[in-house]
Amino acid sequence: MSGCTVEMESKGGEIFPATVSSVLLNSIQCSFTGRLDGGDRYLVRVRNTDDQISQEEVYFVVYGPPPMVTGINPNIGRIGDGALDISVTGSGFTDGCRIHLRDLVSGSSITNYSSTVVSDEGQVVTGLFDLTGAGAGSYGVYVENPDGQESVDEITFTVKHAAPAAVSVNPPFGLIGDSSLSLSVTGSGFTDGCRIHLRDLVSGSSITNLSSTVVSDEGQVVTGLFNLTGVSAGSYGVYVENPDGQESADDVIFTVRLPVPVVYSVHPSSGIAGDSSLSLSVTGSGFTDGCSIHLTDISHTITLVNISPTITVADGTCVQGSFDLSHVPVGSYLVHVVNPDNQVSDEKIIFQICEPSKQKHDIHITAGQGGSTIPNGLIQVPVHSDLRIHIQPDSGYRIQNVYLDTTLQGPLNELLLTDIITNHSVFVDFSKNDPHPTPFPTVIPTPLPTKEPEFCNLYVTAEYGGIIMPNGTIRVKRGSDVPFEFVSHKDFTPSYLQVDNDTIPVNISWTLQSVQSDHTIRLISDRKISPYWAEFNVSSVTENDTREVMFTSDYYPDSLWESWSYGDGSITYGRPMNHSYTSPGTYSVSHQIMFRNSTSSKKLDLIVE
C-alpha cells in the first residue's frame, strides 16, 4: 500500500526505521541506516498508513566477517592424547565458535569437546581435543562461527602414533660373528614397519635389523634379526624408530661380546714333569688375540698359565703357548682358554702330566737260519745297563760269526753288551757242519775276510684301528723295495707311518725303497669323527630303595680318557659306573670321550624320582 513504512527491531527492542524507495504490488524496496550488529537477527515489520502492522515473524540476519585460519599450535598430536589443548590463530573468531579437525582422506571430523575461548579480539581461539581412537594422518583445521560461517584456509594438523618407548631387550647381549641373532624389544607404541637400531655409544654408528620386524602384543613387543659379523665389541643403545620418524629415547643397553672360546682338543695330550719349555696347541673356536691357556688340576688347587704370549691362528680355531712343567705334580689337568674379555671355555678337555721315564735304547737281535738267540727280536734296555745274549745253534749247525753293528765278533756262544749308551744291532750267522771234515792242514791258510750280512730287519706294527701287511719282524735283502698295504677297521682311516723318527702321511699303500739298514715301522690310524661315540644308556637299579642309576656305553680301546658328569656336582673318569642321587630332581648327565684326534660328547636329562 502506498505510504507504508518498514522497520527492524533488534532483540534488545531497538527500532531501526527504513527509507522506502518504492512500493510494488508484492514487494517493497527500502534502505536502513544505522549500525547493525553482526550475528544478530532483526524482526522485520511493515506498517500501513492506517497503522496496521504485519504479524508474520520475518527476520533479517546480519552476518559478521567469515573466520580465517592462519596457524595452529601445536601442529602435531599423538594418538591416545585425551586432553590436547590446541590454539588456532587467524581472524573473525566469535564467541561460541567451534574448531574442527577434518581427516583429509575420510572426511571425518574431530571437534573440541569443551567450549572454546576466543581472545585477542577474535584472532585466537583455544579448545580441548580428545585424540583417543583417532587415526594417524593429516587433518584440515577449520573454525566454524555460531552464524554457520566456516573458514576455508588450508591449514593442517598432523596426528601421529604415540612415540615408541623401549623398556628392555632380550637377549641383553650377543656374540661377534653371530650372523642371525633374533632380538626382541619390549616397551610400547611400536607400529608395523618400525625398525630397531643398535647404536654404538662411542662412535655413534648404528646396526639395523636385517629383515622386516614383527610387532606383537598390541605394539608392546617388536622382534628383528641382526648380523653381528664384523661388529665391534662394546655397549650399544637400543632404539625403535616408527615409520612416522618417531624414535624411542630410553636408556636400554645391548652388549656385543667377543665369542665364547670352545676347546675341542689339545696337542700333545700329555707332557713330562720337569719339561721347562713345552709347546702346547689347543684347537677349538672363538680364540681371540691376547687369550691365555690355563691348565688346572682336577681338584682346582693348581693352575698353570702359558709363560709367553699365545699365538692365535686359523681364524681363532687354534692357539699355541709355551708351558714350564718344572716342579709341577703329575696328574690330570683341565684345559681352559680365557679370552681378554674374561670369557672362559667350559669343556672337560684333559692334559696329562706324567712322570719322566728313564731313557731306553733299542737292541735288535736277529738269528739267521740254523740257530736261535736268547733274547731275540727288539729289546729295550735302560741306559748304562748290561745285556747278555745266549747263542744256540740247531742240530747239524754251528755258529759261523756274530756281528755287532756290522762289526765281526767271531763265532761266540755268548755276547755281553756292557754300559749300553746307544742302540745296537746284533746278527748271528749259522752254517751247516761239514759231514766229511777236511784233515787239519799242516799249514794254516789265511782266512778270507767275511762279507757283511746282506740282510736288514724291519720291525713292523700297527696301532689299534688298522692293519699293516706284512707285519712283525721282516728280514729283507739289503737294497730291495718292500711294499706295504693298509686295512682299516670300521670307523678308522690310515693317518701316517712312524718310520724310525720320521712321520710319513699314507693312504692305502706305501713302499719302503732300497732298504739299507734296519727300520722300525708303525702304522697310526685316526678314528673318524662322530657325535655318536659318547652315546650311553640309563637304567634304574631296583634292588634297593636308594636312587641308584646304572650307566652303560660302548667301549673304545683307543680312547685316551673318558669322563662322566652326573649333574649333581659329581664327576668320575673311566668306564661308566653306578651312581646314587641323594634327592629327586632333573639332572643333566654329560658323557665325554677323548680320542687322539677328536672328542665326542653326549648330554641327557635324567629324571630321578
Side-chain angles (χ1 to χ4, degrees), residues 267-272 275 277-279 281 354 356-368 373 375-387 389 402-409 415 417 419-429 452-489 492-527 558 560 595-597:
H267 181 79
S269 59
S270 62
I272 303 301
D275 190 342
S277 182
L278 172 68
S279 179
S281 293
C354 307
S357 58
K358 292 184 178 180
Q359 185 179 358
K360 293 185 178 181
H361 292 294
D362 294 339
I363 309 298
H364 296 273
I365 305 172
T366 306
T373 63
N376 185 60
L378 175 61
I379 306 299
Q380 288 191 326
V381 297
V383 65
H384 298 301
S385 63
D386 298 339
L387 177 64
I389 304 171
V402 176
Y403 298 86
L404 175 61
D405 302 327
T406 72
T407 301
L408 182 65
Q409 303 295 315
L415 177 65
L417 305 180
D419 192 22
I420 298 173
I421 59 173
T422 186
N423 296 338
H424 290 290
S425 177
V426 176
F427 176 74
V428 180
D429 188 17
E452 293 185 358
E454 298 296 328
F455 292 91
C456 298
N457 294 309
L458 306 181
Y459 307 97
V460 185
T461 58
E463 278 193 355
Y464 181 83
I467 299 173
I468 183 171
M469 298 179 296
N471 60 69
T473 300
I474 305 169
R475 190 163 181 252
V476 299
K477 288 184 178 181
R478 190 185 304 274
S480 61
D481 296 342
V482 182
F484 294 91
E485 293 184 356
F486 317 116
V487 178
S488 294
H489 295 164
F492 283 85
T493 182
S495 178
Y496 61 88
L497 283 177
Q498 189 71 41
V499 181
D500 299 327
N501 294 321
D502 296 328
T503 299
I504 301 174
V506 295
N507 190 1
I508 59 174
S509 63
W510 176 75
T511 299
L512 178 61
Q513 297 179 338
S514 186
V515 178
Q516 297 297 325
S517 61
D518 295 350
H519 294 288
T520 300
I521 301 173
R522 187 170 182 81
L523 172 64
I524 310 298
S525 297
D526 278 345
R527 178 178 287 275
D558 59 316
L560 301 180
F595 301 99
R596 187 181 60 81
N597 67 316

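All heavy atoms count here, side chains included; hydrogens, waters and symmetry mates do not. Values in this document were obtained by computation on a predicted structure and should not be read as measured data.
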Please check if any side-chain donor atom of Gln409 sits under 3.5 Å from a side-chain acceptor atom of Thr407, or the reverse.
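Side-chain D/A pair, Gln409 to Thr407: absent.
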Quick one: pull up [atom1] in [X] and [atom2] in [Y] and give me the separation to the nearest 0.5 Å.
{"X": "Leu523", "Y": "Phe484", "atom1": "CG", "atom2": "CZ", "value": "10.5 Å"}
{"X": "Ile389", "Y": "Leu415", "atom1": "CD1", "atom2": "CG", "value": "5.0 Å"}
{"X": "Asp405", "Y": "Ser517", "atom1": "CG", "atom2": "OG", "value": "11.5 Å"}
{"X": "Ile524", "Y": "Gln498", "atom1": "CD1", "atom2": "CD", "value": "6.5 Å"}
{"X": "His424", "Y": "Ile363", "atom1": "NE2", "atom2": "CD1", "value": "5.0 Å"}
{"X": "Leu512", "Y": "Ile504", "atom1": "CG", "atom2": "CD1", "value": "8.0 Å"}

Output yes when a side-chain donor or acceptor of [X] lies under 3.5 Å from a complementary backbone atom of [Y], and no otherwise.
{"X": "Arg527", "Y": "Phe492", "result": "no"}
{"X": "His361", "Y": "Ile421", "result": "yes"}
{"X": "Asn471", "Y": "Ile468", "result": "yes"}
{"X": "Glu485", "Y": "Pro483", "result": "no"}

Would you find more than 12 non-hydrogen atoms of other residues, nucleotides or ligands less than 6.0 Å from His489 atom NE2?
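Yes, NE2 of His489 has more than 12 neighbouring heavy atoms, counting only those of other groups under 6.0 Å.
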Run the numbers on Val487 and Met469 for side-chain contact (heavy atoms from CB on, under 4.5 Å), then give the verdict.
CA-CA 8 Å; Val487 178; Met469 298 179 296; 3.7 Å; yes
Looking only at heavy atoms, what is the nearest atom pair of [X] and [Y], with distance?
{"X": "Phe486", "Y": "Pro494", "value": "CB-CG, 4.2 Å"}
{"X": "Ile365", "Y": "Tyr459", "value": "N-OH, 4.4 Å"}
{"X": "Leu278", "Y": "Pro268", "value": "CD1-CG, 4.3 Å"}

Donor-acceptor list for residues 376-387 side chains, cut-off 3.5 Å, not counting sequence neighbours:
residue : atom : partner : partner atom : Å
Asn376  : OD1  : Thr373  : OG1          : 3.2
Gln380  : NE2  : Asp362  : OD1          : 3.1
His384  : ND1  : Asp419  : OD1          : 2.7
Ser385  : OG   : Pro382  : O            : 2.6
Asp386  : OD1  : Asp419  : N            : 2.8

In Thr520, Asp518, Val476, the residue satisfying side chain to side chain contact (heavy atoms under 4.5 Å, CB included) with Asn457 is Asp518
Tested for side chain to side chain contact (heavy atoms under 4.5 Å, CB included) against Val482, the lone hit among Thr511, Val460, Val515 is Val515
Quick one: are Arg478 and Phe455 in side-chain contact, heavy atoms under 4.5 Å?
no
When the ring planes of Tyr403 and Phe427 are compared, do they come out parallel, tilted or perpendicular, using 30° and 60° as the limits?
tilted
